[in-house]
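Notes follow once the structure below has been shown.
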Amino acid sequence: KKPAKTTKYDTVIVGAGFAGMYMLHKLRGMGLKAHVFEAGSGVGGTWFWNRYPGARVDIESQEYSFSFSKELEEEWQWSERYAPQGELLDYANHVADRFDLRRDISFNTRINAASYDDHTGLWRITTDQGETIEARYCVMATGCLSAAKTPDIPGAGTFKGLTLSTATWPEDVDLSGKRVGIIGTGSSGIQTITTIAPQVGELFVFQRTPNYSVPAHNGPLDPAVREDWLANREDYRQQQRESGIGIVTLEPTEELALEQSEEDRLREFERRWAKGGFCVGAPYADTGVDPAANKLLADFVAGKVREIVKDPETADLLIPKTYPFGTKRLVVDTGYFEVYNQDNVHLIDLNKSPIETITETGLRTSERDYEFDVLIYAIGFDAMTGSLERIDIRGRDGLKLKDKWAAGPLTYLGLTVSGFPNMFMITGPGSPSVLSNMIVSIEQHVDWIADCIQDMAERQLNVVEATPEAEAEWVAHVNEVATETLYLQANSWYLGANVPGKPRVFMPYVGGVGVYREVCDDVAANDYKGFTLSRAPAEAS
Ligand code: NA7
């Protein structure tokens with residue numbers, strides 16, 4: 001029997017979201033043979049899968065876009081201040097066409113396993129289409145919020161009506177006039193609820209933990225904003241790269257809330273509330289680290305919810321009380337709290353009456369039965385590590401990534417893992433990642449990885465691996481900076497707290513994208529400090 005054919009590439013890239021697409025473009029530009037494998041039928045990653053009603057980015061459009069091509073930036077027109085999912089998907093497709101990426105992407109192909117061969121220094125990768133691939137480098141562009149959670153609720157699956165999940169929303173669902181129950185009030189739930197509330201007959205929102213949410217003030221993109229951005233793009237892009245979270249419109253400041261007069265502070269809170277977006281969440285430098293400063297902001301936002309929501313009891317239920325402001329992912333909404341003034345919308349507090357079971361006709365809480373036609377799960381993701389751990393990744397000596405990470409992800413710079421030579425992660429755990437404008441972080445990672453591969457080639461080397469010492473130090477540093485913030489006080493997905501049994505480890509690097517970029521550049525400039533560079537014992541056959 002003839003052995004199955006093995007395809008060879010210099011680099012295999014897993015995922016055709018923004019990270020995988022730019023990585024491919026970059027490596028091709030260096031003359032390397034790179035290939036992307038993508039589970040979906042098209043490019044776009046997050047924006048390919050998340051098609052639920054109201055899905056929209058919460059960073060301003062011009063900021064949430066690639067910077068690597070001036071021409072791309074100049075020719076693309078965003079229609080709204082915060083681009084909707086469909087437009088982001090159009091953008092992804094435009095990028096794919098413009099840079100002719102599709103010819104090096106295999107769609108509808110999931111990577112099942114990847115294992116490293118010590119002898120040859122090559123990765124052997126297998127797909128669900130039965131292909132085997134060998135590659136020198138393996139880049140995981142698998143996304144941070146791409147492994148959707150499956151409902152772990154008793155009776156899940158027994159519902160006889162239509163069951164939907166925000167993470168895998170089908171085309172052409174008409175909810176008009178329907179009775180709908182939705183579980184989950186994170187970003188996905190809040191965007192869905194806000195959008196469908198006016199269409200559906202009745203909406204039952206099952207809320208376990210209320211979320212802080214601030215207004216987007218979305219609307220058509222002001223042409224003046226676009227003009228200003230393009231006129232100053234070099235400067236703005238530089239500011240993004242040197243900033244805390246990669247967003248210029250955040251208006252970062254060194255001023256402290258606790259040092260302001262009440263009048264000044266309220267004026268600033270109000271000014272930011274009127275501007276909208278994430279800038280509302282970062283009015284002063286101490287609100288993320290000092291509980292007293294945080295409370296001032298939390299009380300201000302709670303006051304806004306009480307102003308908007310007419311029924312005081314409902315308003316009270318919508319105000320978070322168990323964690324500091326901003327320590328769970330802040331939601332940016334378009335009229336979310338207003339929805340609760342509609343007669344057809346009912347908020348159910350799962351803390352008071354927990355779900356006992358999903359039933360054939362709806363859902364039973366400890367208090368009563370609810371009946372509806374459609375059940376929507378908006379229950380989130382196994383964030384940051386989920387998409388990597390779902391692939392059977394094995395490094396040196398057959399070491400499984402899942403085993404290595406049993407007590408939480410261990411990485412050097414969030415880019416690499418000791419014991420897994422020549423494997424890179426884009427926006428992996430231990431990098432700013434989900435605490436930043438993803439595109440800014442993606443571009444930085446892709447550029448760094450490409451430079452590393454280039455440097456290796458120039459030195460006739462072909463194995464790069466983080467040392468266990470550098471990795472341990474980095475993990476300790478990531479933990480330490482998190483400890484200096486209030487983030488550890490919330491049961492967030494940043495900490496893995498939303499997945500039963502997942503180790504409680506704060507995964508993203510909170511030190512800021514500017515600082516982080518300097519660290520990465522410094523490592524490369526110092527002969528890849530913390531890495532060993534070598535040659536594999538055997539050449540590839
Ligand atoms: P999130 O933010 O993780 O939200 C998931 C929501 O689902 C959250 O309100 C959860 O409540 C709720 N949830 C999850 N499981 C259950 C069960 N079993 N019962 C009741 N409620 C449940 O995910 P999203 O998709 O909304 O957003 C993910 C990110 O995408 C977002 O942060 C942005 O970065 C974009 P909990 O808080 O766990 O009590």
Side-chain angles (χ1 to χ4, degrees), residues 17 45-47 49-59 64 82 85 88 143-156 164-169 181-195 204-214 216 245 247 278 281 317-318 320-323 326-333 336 347-358 363-366 370 375-384 386-387 427 432-439 441 487 490-500 502 504 507-508:
T46 287
W47 304 110
W49 296 105
N50 288 272
R51 296 165 187 238
Y52 59 83
R56 179 183 298 285
V57 67
D58 48 17
I59 293 173
Y64 189 82
Y82 298 90
Q85 172 268 333
L88 288 154
C144 297
L145 294 158
S146 46
K149 286 206 313 175
T150 43
D152 49 0
I153 300 168
L164 299 170
S165 159
T166 49
T168 52
W169 199 270
I182 181 165
I183 301 174
T185 51
S187 290
S188 306
I190 284 179
Q191 290 186 328
T192 305
I193 291 162
T194 312
T195 310
F204 299 92
V205 177
F206 297 95
Q207 172 188 273
R208 191 162 64 184
T209 313
N211 248 300
Y212 284 103
S213 187
V214 299
I245 65 169
I247 304 177
F278 282 126
L317 281 182
L318 289 164
K321 296 181 189 67
T322 54
Y323 60 94
T327 51
K328 284 180 90 133
R329 176 60 147 68
L330 187 59
V331 180
V332 179
D333 71 78
Y336 174 59
L347 181 65
I348 296 106
D349 177 12
L350 294 180
N351 291 306
K352 193 160 141 255
S353 49
I355 299 177
E356 284 188 346
T357 182
I358 305 290
L363 176 163
R364 181 174 310 138
T365 68
S366 59
Y370 294 87
L375 170 59
I376 302 174
Y377 289 108
I379 57 173
F381 298 86
D382 182 353
M384 304 205 71
S387 55
T427 66
S433 181
V434 292
L435 290 182
S436 70
N437 178 344
M438 272 299 190
I439 301 204
S441 287
Y487 275 114
N491 289 322
S492 67
W493 56 255
Y494 297 133
L495 269 162
N498 66 330
V499 175
K502 191 164 170 171
R504 195 180 172 91
M507 296 180 284

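All ligand and atom numbering here is 1-based and tracks the order in the structure.
Between Leu318 and Val205, every side-chain heavy-atom pair lies at or beyond the 4.5 Å cut-off. Between Leu363 and Phe204, the closest side-chain pair of non-hydrogen atoms is not below 4.5 Å. Using a 4.5 Å heavy-atom cutoff, the side chains of Trp49 and Thr166 are not in contact. Between Trp169 and Ile376 there is a side-chain heavy-atom pair separated by less than 4.5 Å. Looking at heavy atoms from C-beta onward, Leu145 lies out of side-chain contact with Met438 at the 4.5 angstrom threshold. Counting heavy atoms from C-beta outward, Leu375 and Ile183 have side chains that approach closer than 4.5 Å.
Proximity of Asp152 to ligand 1, defined as any heavy-atom pair under 4.0 Å, is confined to the side chain (atoms from C-beta onward). The backbone and the side chain of Ile379 each have at least one atom closer than 4.0 Å to an atom of ligand 1 (non-hydrogen atoms only). Here Thr209 has heavy atoms under 4.0 Å from ligand 1 in both its backbone and its side chain.
Relative to atom 3 (O) of ligand 1, the option among Tyr494, Tyr377, Trp493 with the closest non-hydrogen atom is Trp493. Distances from atom 7 (O) of ligand 1 to the heavy atoms of Gly189, Ala378, Pro151, Ala55 put Ala378 nearest. Among Arg329, Lys328, Arg208, the residue whose heavy atom sits closest to atom 37 (O) of ligand 1 is Lys328. Of the candidates Asn50, Thr185, Asn491, Thr185 brings a heavy atom nearest to atom 8 (C) of ligand 1.
For atom 31 (C) of ligand 1, the closest non-hydrogen atom on the protein side is Ser187 OG, 3.5 Å. Nearest protein heavy-atom neighbour of atom 4 (O) of ligand 1: Gly186 CA, 3.5 Å. For atom 23 (O) of ligand 1, the closest non-hydrogen atom of the protein is Gly380 CA, 3.2 Å.
For Gln207, the closest heavy-atom approach to ligand 1 does not fall below 4.0 Å.
When each atom of ligand 1 is checked for a heavy atom of Ser188 under 4.0 Å away, the hits are 24 (P), 25 (O), 26 (O), 27 (O). Against a heavy-atom cut-off of under 4.0 Å, Ile183 is close to the following atoms of ligand 1: 19 (N), 20 (C), 21 (N). Counting the atoms of ligand 1 from 1 in the order shown, those under 4.0 Å from a heavy atom of Ile153 are 18 (N). Atom numbering of ligand 1 starts at 1 in the shown order; those under 4.0 Å from a heavy atom of Gly184 are 6 (C), 7 (O), 9 (O), 12 (C). If you number the atoms of ligand 1 from 1 as listed, the ones under 4.0 Å from a heavy atom of Leu350 come out as 20 (C). Short contacts between ligand 1 and Lys149, defined as distances under 4.0 Å to a heavy atom of the residue, involve ligand atoms 14 (C), 15 (N). Residue contact check: Leu145 has heavy atoms under 4.0 Å from atoms 29 (C), 30 (O), 34 (O) of ligand 1.
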ask   = Can you check side-chain contact (heavy atoms from CB on, under 4.5 Å) on Ser433 and Met507, steps first, answer last?
value = CA-CA 9 Å; Ser433 181; Met507 296 180 284; over 6 Å; no
task = Start with the C-alpha distance between Tyr52 and Leu164, add both sets of side-chain angles, then the distance that settles side-chain contact (heavy atoms from CB on, under 4.5 Å), and finish with yes or no.
result = CA-CA 9 Å; Tyr52 59 83; Leu164 299 170; over 6 Å; no
task = Tell me, with the steps shown, if Lys328 and Tyr212 meet side-chain contact (heavy atoms from CB on, under 4.5 Å).
result = CA-CA 8 Å; Lys328 284 180 90 133; Tyr212 284 103; over 6 Å; no
Counting only pairs under 3.5 Å, give me each side-chain donor-acceptor contact of residues 347-356, with atom names and distances, residues two or more places apart or in other chains.
residue: Asp349; atom: OD1; partner: Asn351; partner atom: N; Å: 2.9
residue: Asp349; atom: OD1; partner: Asn351; partner atom: ND2; Å: 3.4
residue: Asn351; atom: ND2; partner: Arg208; partner atom: O; Å: 2.6
residue: Ser353; atom: OG; partner: Asp349; partner atom: O; Å: 3.3

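The nearest pair of heavy atoms linking Thr185 to Gln207 is OG1-CG, 3.7 Å.
In this model, a donor atom of one side chain and an acceptor atom of the other lie less than 3.5 Å apart for Asn491 and Arg504.
For ligand 1, none of its N or O atoms has an N or O atom of Phe381 under 3.5 Å away. Considering backbone and side-chain N/O of Thr166, none are found under 3.5 Å from N/O of ligand 1.
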